[in-house]
Amino acid sequence: MAPSAARLLVFLLPKPKLTPPPPVRRPRRAWAGTARCAPETAASGGFVVIEDDLSELLQISQLELEEAQRAIGEFGGDNRAGIEGTLHRISAIRSRKGLVVGLTCRVGRAVNGHVDMVRDLLNYKESILFLGRPGVGKTTVMRETARVLADEFQKRVVIVDTSNEIGGDGDIPHAAIGGARRMQVPEPSMQHRVMIEAVENHMPEVVIVDEIGTEAEAQACRSIAERGVMLIGTAHGERLANIIKNPVLSDLIGGVETVTLGDEEARARRTKKSILERKAPPTFPFLIEMRERHYWVTHRTERSVDMLLHGKKPLVEVRKRDNEFQVIIERWATYDGDGL
């Protein structure tokens with residue numbers, strides 16, 4: 001399997017009067033910056049384990065947290081900061097008084113090859129929405145898609161980078177986004193304004209935005225799509241059903257409204273008189289559920305939403321990799337929103 005796009009380290013102040021746990025030996029990959037790692041051969045089994053000195057890593061004092069904060073710099077309104085020239089993300093955990101009492105360090109990596117799962121869809125020049133739980137690789141896909149569209153497809157790509165996760169911290173974006181341009185956002189609440197500004201001022205053919213989560217951002221997406229600009233975005237949720245049921249984000253898939261049918265129409269459809277219908281074309285014609293890093297379910301949004309609202313199972317594509325990491329696309333007609 002390909003390496004993870006991100007790893008997490010959580011630094012918290014130790015609880016008082018607790019004896020630190022003994023060192024733990026566990027199978028694990030060594031990676032820089034965690035602790036003193038020494039590979040050893042197990043007495044039985046013949047595999048390599050690492051003594052990661054986890055107990056020492058967790059002995060973080062308030063002084064060390066303050067020193068780390070000074071080195072990182074100021075946290076934004078979302079309590080996130082980055083390390084200039086890298087894709088790493090540092091998130092603050094604060095006390096009730098606003099003091100930083102813990103740090104979560106996310107190690108960001110540029111991973112080539114993710115875009116192969118959707119390279120054929122990019123040729124349609126239609127907007128794509130990615131869904132998935134945290135850590136499944138959504139931001140990594142955004143980053144590589146930006147590079148491929150800018151460098152290989154020769155598109156004018158603008159990234160609206162709210163937390164600097166796609167292009168990294170600092171004024172100069174990370175080389176992983178290729179020739180794409182990056183617009184930073186002063187405050188998370190201003191993301192929708194920067195999205196509109198990107199279209200009005202910079203003539204993009206493609207706008208890439210991560211973590212669409214408010215009604216204003218959903219409306220900005222629709223406005224951008226109506227101007228003929230391709231959108232690549234991610235939203236909070238794991239399944240298409242999550243978006244259908246979300247009153248804030250449902251506009252991304254066309255919105256849902258209650259329609260009252262006449263008696264004859266209800267009898268012809270064999271449904272109740274009050275039914276749910278999609279009320280507009282979807283902002284994103286394609287929607288992809290990232291179930292796992294190499295297991296994605298692809299929807300033609302308009303068709304899937306209509307069938308799900310009518311109580312039917314839509315035809316979807318399952319995109320996955322085999323043991324040799326080749327992309328396999330299969331069609332399934334048994335989608336029920338929870339599994340296949």
Side-chain angles (χ1 to χ4, degrees), residues 5 82 84-87 108-131 137-188 190-214 216-235 251-252 281-288 290 298 301:
E84 187 167 353
T86 75
L87 300 172
R109 295 183 176 89
V111 181
N112 292 334
H114 266 355
V115 78
D116 293 342
M117 297 278 279
V118 291
R119 185 180 290 271
D120 60 313
L121 299 184
L122 299 181
N123 293 315
Y124 288 96
K125 302 178 182 179
E126 293 187 302
S127 299
I128 305 173
L129 180 66
F130 290 88
L131 305 179
K138 299 188 298 299
T139 303
T140 304
V141 173
M142 297 293 100
R143 188 180 300 123
E144 189 183 11
T145 301
R147 177 185 62 80
V148 169
L149 286 172
D151 295 352
E152 298 183 23
F153 286 72
Q154 297 297 301
K155 299 291 185 182
R156 294 190 302 273
V157 180
V158 173
I159 300 169
V160 178
D161 206 358
T162 304
S163 298
N164 287 351
E165 282 195 77
I166 299 177
D169 207 52
D171 295 335
I172 301 176
H174 196 277
I177 68 170
R181 288 174 288 174
R182 189 264 297 275
M183 294 183 66
Q184 295 175 304
V185 181
E187 291 291 334
M190 297 179 63
Q191 175 168 284
H192 65 287
R193 297 183 183 179
V194 179
M195 292 167 63
I196 298 299
E197 179 188 340
V199 176
E200 292 179 343
N201 291 355
H202 303 289
M203 299 181 298
E205 296 174 277
V206 183
V207 169
I208 293 181
V209 58
D210 204 4
E211 296 186 3
I212 302 164
T214 68
E217 291 162 6
Q219 291 176 352
C221 286
R222 177 164 294 279
S223 176
I224 291 170
E226 289 174 348
R227 303 182 198 203
V229 177
M230 180 181 177
L231 275 165
I232 305 292
T234 69
D251 189 60
L252 299 176
T283 302
F284 292 88
F286 288 106
L287 183 145
I288 297 176
M290 297 178 66
T298 306
T301 310

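Start at 1 with the first residue, then count along the sequence.
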Does any part of the side chain of [Y], heavy atoms only, come nearer than 4.5 Å to the side chain of [X], both counted from C-beta?
X      : Y      : answer
Gln191 : Glu211 : no
Thr162 : Asp210 : no
Asp251 : Arg222 : yes
Met117 : Met290 : no
Leu122 : Met230 : yes
Leu87  : Arg143 : yes

Set of salt bridge (Lys or Arg N to Asp or Glu O under 4.0 Å) partners for [X], sequence neighbours left out:
X      : answer
Glu126 : Arg300
Asp151 : none
Glu205 : Arg156
Arg227 : Glu200

side-chain hydrogen bond (donor to acceptor under 3.5 Å, both in side chains) pairs, two or more places apart, involving residues 171-181: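 Listed once each, the pairs would be none.
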Would you say Glu152 has more than 12 foreign heavy atoms packed within less than 6.0 Å of its CD?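 More than 12 within 6.0 Å, yes.
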Rounded distance [0.5 Å steps], OG1 in Thr283 versus CD1 in Ile212: 8.5 Å
Nearest heavy-atom neighbours spanning [X] and [Y]:
X      : Y      : answer
Ile159 : Ala180 : CD1-CB, 4.1 Å
Phe284 : Gly233 : CE2-N, 4.0 Å
Thr145 : Val115 : OG1-CG2, 3.9 Å
Ala176 : Ala110 : CB-CB, 3.5 Å
Leu252 : Ala235 : CD1-CB, 4.3 Å
Phe130 : Lys138 : O-CD, 4.2 Å

Partner set under side chain to side chain donor-acceptor pair (under 3.5 Å) for [X], not counting sequence neighbours:
X      : value
Gln184 : Asn164
Arg147 : Glu144
Thr301 : none
Ser163 : Asp78, Arg80

Please answer whether the main-chain N or O of Ile166 pairs with a side-chain N or O of Asp161 as donor and acceptor at a distance below 3.5 Å. yes
Do any N or O atoms from the side chain of Glu217 and from the backbone of Gly213 form a donor-acceptor pair under 3.5 angstrom?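 The answer is yes, because a donor-acceptor pair under 3.5 Å joins these two groups.
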Which residues share a side chain to side chain contact (heavy atoms under 4.5 Å, CB included) with Ala220, sequence neighbours left out: His192, Met195, Ile196
List the residues meeting side chain to side chain contact (heavy atoms under 4.5 Å, CB included) with Gln219, not counting sequence neighbours, and say none if there are none.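 Scan of Gln219 (side chain to side chain contact (heavy atoms under 4.5 Å, CB included), adjacent residues dropped) gives Glu215.
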Begin with the C-alpha distance, continue with both residues' side-chain angles, and end with the deciding distance and a verdict on side chain to side chain contact (heavy atoms under 4.5 Å, CB included) for Lys125 and Lys155. CA-CA 10 Å; Lys125 302 178 182 179; Lys155 299 291 185 182; 3.7 Å; yes
Are Leu131 and Leu129 close enough, and set up right, to give a side chain to side chain contact (heavy atoms under 4.5 Å, CB included), and what steps lead you there? CA-CA 7 Å; Leu131 305 179; Leu129 180 66; 4.2 Å; yes
When Val118, Val141, Ile208 are each screened for side chain to side chain contact (heavy atoms under 4.5 Å, CB included) with Ile232, the one that passes is Ile208
Residues forming a ring-ring contact (aromatic ring centres under 6.0 Å, His included) with Tyr124, sequence neighbours excluded: Phe286
Pair Val199-Val207, side chain to side chain contact (heavy atoms under 4.5 Å, CB included): steps then yes or no: CA-CA 8 Å; Val199 176; Val207 169; 4.1 Å; yes
